[in-house]
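As structure tokens, the structure follows; a few thoughts come after it.
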Amino acid sequence: MDTKPIIFSGIQPSGDLTLGSYIGAIKNWVELAEDYNCYYCIVDMHAITARQVPAELRKRTVDQLAQYIACGLDPQKNTIFIQSHVPAHAELGWILNCYTMYGELSRMTQFKDKSAKNADNINAGLFDYPVLMAADILLYQADLVPVGDDQRQHVELTRDIAQRFNGVYGDVFKIPQTFNPKVGARIMSLSTPENKMSKSDKDPNGCIYIMQKPEDIMRSFKRAVTDSETCVRYDTVNKKGISNLMQIYSVATGKTFEQIENEFVGKGYGDFKTAVGESVVEMLRPIREEATRLMSDKAYLEGIYKEGAERAAYAANKTLRKVQKKVGFVPRG
Ligand code: TRP
């Protein structure tokens, strides 16, 4: 029997992966496969809470799968699948709706932020988004959910829903916890280092993508915002830009902060930024090449997501059947 703790995370198919999510998330996930039973779900059903161009959503969903595999996530050791391929998510989502309060959903800060930004499309799916997310997590009896700070409130709500349900029907759901990625794995924007690196950065140089061409990566690093000193020193209060670059360089080269400080004594920021850019180009080169190769191998990718959905559905249906029975649905026989 598989007794490893279970990890579940969901990823929006919202475009090419960023350097921030590679360093902050996926790179760490690769190592988790030995000690945990990991499920990674590409959440296309969550994606349609904002209007999508269908052909683009389809392409991004499959490209994202290719990019995850290229980053080292082994589809044999991890279950990687597409949310809409496992109907149990929608089915449990509905049931959990009936155990979630209107007031709870109204308090979700992401709902408030997103509805303020998209006042013309405040659809019920956007409001209900956290319940589908709770269904994602609870279906797999996940112990740990690796997410960024912006998703913590949703995991809290998941716990509340699970506890409420268990309170009525007994121990049906495992109560999940958020999983803290390694310290310092939060990569900031190159142009506004106070903010997390994000696809929605107003300055295109702020965000690096794993599929970007080397010359574009170099340009963004050369324009990275620093400070008025000339000293490469780790100080996340006064030198946010430099510290962020040191963090990136450290991940790309394996060097410690002290080694990096020594390497650049007496050199200018120009040299440092070039070195960081080059190290990132080299780190991403094999990933980009492999992702490009995989993205054109449709048959291989289809095999992966079919098998992923089968494995996921097997685990999910066990929980779903139990829940359906508890709430009083007639078994289908
Ligand atoms: N809401 C998450 C985000 O936008 C994505 C997500 C969907 C998720 N379902 C999940 C994350 C389940 C963790 C677990 O980032």
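One-based numbering, in listed order, for ligands and for the atoms of each. Values in this document were obtained by computation on a predicted structure and should not be read as measured data. As a basis for the values below, the full set of heavy atoms in this structure was taken, side chains included, without hydrogen atoms, waters or symmetry mates.
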Under 6.0 Å between ring centres: does that hold for F8 and Y40?
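For F8 and Y40, the ring centres are not under 6.0 Å apart.
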
Would you say the ring centers of F111 and H154 fall short of 6.0 Å from each other?
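No, they do not, as the ring centres are separated by 6.0 Å or more.
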
Ligand-side contact atoms (ligand 1) for residue partner [X], heavy atom cut-off under 4.0 Å:
| X | result |
| --- | --- |
| Q12 | 4 (O) |
| V43 | 7 (C), 9 (N) |
| V147 | 11 (C), 13 (C) |

Tell me whether the guanidinium CZ or amine NZ of K322 lies under 6.0 angstrom from the six-membered ring centre of F173 and within 45° of its axis.
no

Y269 six-ring centre to K273 NZ/CZ under 6.0 Å and within 45° of normal:
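No, cation not above the ring by the 6.0 Å, 45° rule.
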
Check [X] against ligand 1 and report side chain, backbone, both or neither, counting heavy atoms closer than 4.0 Å.
| X | answer |
| --- | --- |
| I137 | side chain |
| Q151 | side chain |
| V145 | side chain |

Less than 4.5 Å apart, any side-chain heavy atom of I82 and any of C41?
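SC-SC contact between I82 and C41 ruled out.
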
Quick one, N37 and P5 - any side-chain contact, counting heavy atoms below 4.5 Å?
no

Among protein heavy atoms, which lies nearest [atom], and at what distance?
| atom | answer |
| --- | --- |
| atom 1 (N) of ligand 1 | Y129 OH, 2.7 Å |
| atom 11 (C) of ligand 1 | G10 N, 3.3 Å |
| atom 12 (C) of ligand 1 | F8 CE2, 3.5 Å |

Just by distance, do the side chain of H46 and the backbone of Y129 share a donor-acceptor pair under 3.5 Å?
yes

Quick check: does D136 get an N/O under 3.5 Å from an N/O on ligand 1?
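So ligand 1 has an N or O lying under 3.5 Å from an N or O of D136.
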
